[in-house]
There are 2 protein chains.
Amino acid sequence: MSQSDNERSYSSAKYRTPDGAPADIVIFTITKQEKRSGKKSLPVRELKVLLIRRKAWPFQGMWALPGGFSKETETMEVTARRELEEETGVRDVHLEYLGVYSAPGRDPRGWIISHAYCALVNEALLAHRQAADDAEEVGLFAIDDALENMELAFDHREIMRDAYSKIREQMLASTIAKQFLPERFTLGELHQVIRTVVPGFEEHNFIRKITSTQSRKGIMEEARDANGEKQTSIEYSQRPAQLYRFTGYEPPLSIYG
Amino acid sequence: MSQSDNERSYSSAKYRTPDGAPADIVIFTITKQEKRSGKKSLPVRELKVLLIRRKAWPFQGMWALPGGFSKETETMEVTARRELEEETGVRDVHLEYLGVYSAPGRDPRGWIISHAYCALVNEALLAHRQAADDAEEVGLFAIDDALENMELAFDHREIMRDAYSKIREQMLASTIAKQFLPERFTLGELHQVIRTVVPGFEEHNFIRKITSTQSRKGIMEEARDANGEKQTSIEYSQRPAQLYRFTGYEPPLSIYG
DNA sequence: TAAATAGTGTCTCTTAGACATTATGGT
DNA sequence: ACCATAATGTCTAAGAGACACTATTTA
């Protein structure tokens, strides 16, 4: 049997093949809203997702995750990054793969297997874009609102639920908090970001834990200026707070020891 | 614009669509080989992967991961389970999604986006099958051997590498060890299974850690018989060893406290 | 001086980690 | 008696967890 025979016998023409393989992106951001109490205080933070309103069939007029079809010449991740930039203008952000959504009938256009990604975007990057193009209707919605009260296109509610569940887990198990923080931050800010994503996170002695346990010492370090002096910030408090920065180290986690 | 117009305008016919969406499965098992020293001792364990030899183009004659194309009527996970059963006869096993492999050119048959799964299979289930059908040439290979010394079809080396990396992480962060153990096991066995998957895992006081720390108490418990008596085993040692069983509880992991 | 956040002192109990020691029962 | 595995004793240092307390600056 020649190779061309083989090749012909494997031709996909005789099988039903998928009608498309899009990437959909759950874009998370944390908005900051200054309290107007006059006094310095930590801003109110809220976890939000970016949605776009569909302009065409199917689910015309409904809110949906941004995304679009992959091309033969790109990997799925490239597709996700391209769509992310096309639809929101943001690039070079933290993007992670969430999973495949392939339930039959999930898309009325046919057999369409979707790949979901999570993007964690600093509000600053997103706000810049919001003003820039208003050609497409986009919106930022509180995650709870979007999950509970909105009717979403396709299986996007399920995807969002999975994405939310994943970043809650990751928020505690990794240093993704840095995606929502400036390079140098106070422990108060970090604590607040964590609680914004994981409402149940109550750590009384948060500062103590970070600063006094050796096993977590390596994760972040005190920020210092050119002279080696410790840097502090009075952005959110009267008393100057020590600034910290992530080192890049993430400890391995184990349930056995 | 009528819906059929919309529908027509979205027809996938005018776009290039994928030529297939297969699932490939990395089947891990741990083989047990009794030492023939005569004395009772823990068996030698080894982490292995199951591969099949390809019978046709492309990569004819080369070893590859078992797998096959998804149908329009099934989810990817169903595809993976179906292929797993078709090719190895095992069912109802622990299966987890690994990720999508979509690099252009990864499959000479066309634009084929593959979905990788990990299956963790108890040797007993696999051995039963091995004898049953030898129509297809299958083989169990030590993971290091497969990764370092074998030429594999497609991007299957990369998939295997990712799968190995993932189960090493999961072995420490979850209770997947139970997939390789009988329902009741000794701490010696558990320790050995963990070290088989994670060679670097050296926990001197393993028994002590499991039995004396409150935070890990809930993960497993002493096995008891109908009368509530503690059960022990002398399968691997002279001195009877306490049997344990997993409770199903998995503690949340956090780097912050 | 009240408000708001940052950070320390102090105490108790638990855990980590290292090493030595004992236990069990067959060859 | 020796072996391989199982399990405990003992000690020290470190961490967890709770709560009260002090620190810093501005409205």
Side-chain angles (χ1 to χ4, degrees), chain A residues 32 34-45 172 184-195 201-220 222-223 230-244 251-257, chain B residues 32 34-45 172 184-195 201-220 222-223 230-244 251-257:
Chain A
K32 257 188 330 194
E34 307 290 332
K35 284 196 198 118
R36 53 215 157 287
S37 65
K39 302 210 174 131
K40 276 184 185 171
S41 60
L42 286 165
V44 175
R45 288 174 206 255
L172 297 181
R184 284 143 199 257
F185 54 87
T186 69
L187 295 184
E189 284 182 285
L190 172 59
H191 194 188
Q192 210 196 13
V193 163
I194 295 173
R195 279 178 302 162
F201 184 79
E202 286 306 331
E203 208 54 68
H204 191 306
N205 283 346
F206 186 71
I207 292 180
R208 169 67 51 90
K209 282 237 174 113
I210 300 298
T211 56
S212 83
T213 67
Q214 282 205 328
S215 63
R216 276 180 276 276
K217 272 264 173 61
I219 300 171
M220 58 195 88
E222 291 152 342
K230 290 184 184 177
Q231 288 184 300
T232 58
S233 159
I234 53 165
E235 192 175 352
Y236 302 121
S237 65
Q238 319 303 344
R239 174 170 174 174
Q242 176 64 49
L243 288 169
Y244 286 81
L253 291 170
S254 168
I255 64 172
Y256 294 113
Chain B
K32 257 188 330 194
E34 307 290 332
K35 285 198 198 115
R36 52 213 156 289
S37 64
K39 301 208 174 131
K40 277 184 185 170
S41 60
L42 285 165
V44 174
R45 286 175 207 257
L172 297 180
R184 284 143 199 255
F185 53 87
T186 68
L187 295 184
E189 285 181 284
L190 171 59
H191 193 189
Q192 209 196 13
V193 163
I194 296 173
R195 279 178 301 161
F201 184 79
E202 286 304 332
E203 207 54 68
H204 192 304
N205 282 346
F206 186 71
I207 291 180
R208 169 67 49 91
K209 283 236 175 113
I210 300 297
T211 56
S212 81
T213 68
Q214 282 205 328
S215 63
R216 277 180 275 275
K217 271 263 173 60
I219 301 171
M220 60 195 88
E222 291 152 341
K230 290 184 182 175
Q231 287 184 300
T232 57
S233 160
I234 53 164
E235 191 175 353
Y236 302 122
S237 63
Q238 319 300 345
R239 174 170 176 176
Q242 176 63 49
L243 288 170
Y244 285 82
L253 291 171
S254 168
I255 64 173
Y256 295 114

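By convention in this document, chain letters (A, B, ...) are assigned in the order of the sequence lines, proteins followed by strands, and residues within each chain are numbered from 1. This one's a predicted model, so the numbers in the text were calculated from it and none came from an experiment.
The side-chain hydrogen bond (donor to acceptor under 3.5 Å, both in side chains) search around A:Gln231 returns A:Arg184, not counting sequence neighbours. Under the rule for a ring-ring contact (aromatic ring centres under 6.0 Å, His included), the partners of B:Phe206 that lie at least two apart in sequence or sit in another chain are B:His191. Applying the salt bridge (Lys or Arg N to Asp or Glu O under 4.0 Å) criterion to A:Lys209, with sequence neighbours excluded, gives A:Glu203. Residues passing the ring-ring contact (aromatic ring centres under 6.0 Å, His included) test with B:Tyr236: none are found, sequence neighbours excluded. Residues forming a side-chain hydrogen bond (donor to acceptor under 3.5 Å, both in side chains) with B:Gln192 (at least two apart in sequence, or on another chain): B:Arg45. Taking the side-chain hydrogen bond (donor to acceptor under 3.5 Å, both in side chains) definition, one finds that B:Arg208 meets it with nothing, sequence neighbours left out. Take A:Glu222 and apply the salt bridge (Lys or Arg N to Asp or Glu O under 4.0 Å) test, not counting sequence neighbours, and it matches A:Arg224, A:Lys230.
Nucleic acid contact for A:Leu42: sugar-phosphate only, since backbone atoms but no base atoms lie under 4.0 Å from a heavy atom of the residue.
Between B:Lys209 atom NZ and C:dC19 atom P the separation is 14 Å, expressed in whole Å. Rounded to an integer number of Å, the gap from CD1 of B:Ile210 to C1' of D:dT5 is 17 Å. A straight line from CZ of A:Arg208 to P of D:dT22 spans 15 Å, rounded to a whole angstrom. We find that NE2 of A:His204 is positioned 15 Å from P of C:dT8, with the value rounded to whole Å. Here the P atom of nucleotide D:dG15 and the CD1 atom of A:Ile219 are 13 Å apart, to the nearest Å. The separation between B:Lys230 atom NZ and C:dT24 atom P is 14 Å, rounded to whole Å. The nearest whole Å value for the distance from the CD atom in B:Glu34 to the P atom in D:dT5 is 12 Å. Following rounding to the nearest Å, A:Asn205 (CG) and C:dT10 (C1') show an atom-to-atom distance of 12 Å.
The two residues A:Met220 and A:Ile210 come nearest to each other via the heavy atoms SD-CG2, 3.9 Å. Smallest separation of non-hydrogen atoms from A:Gln238 and A:Ile234: O-CG2, 3.8 Å.
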Expected rows: protein N/O vs nucleotides 12-15 of chain C N/O, under 3.5 Å:
| residue | atom | partner | partner atom | Å |
| --- | --- | --- | --- | --- |
| C:dT15 | OP1 | B:Gln214 | N | 2.6 |

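Of the residues in residues 186-193 of chain A, those with a non-hydrogen atom less than 4.0 angstrom from any atom of DNA chain C are A:Thr186, A:Gly188.
Among C:dG17, D:dT26, D:dA4, the nucleotide with an atom closest to any side-chain atom of A:Gln238 is D:dT26.
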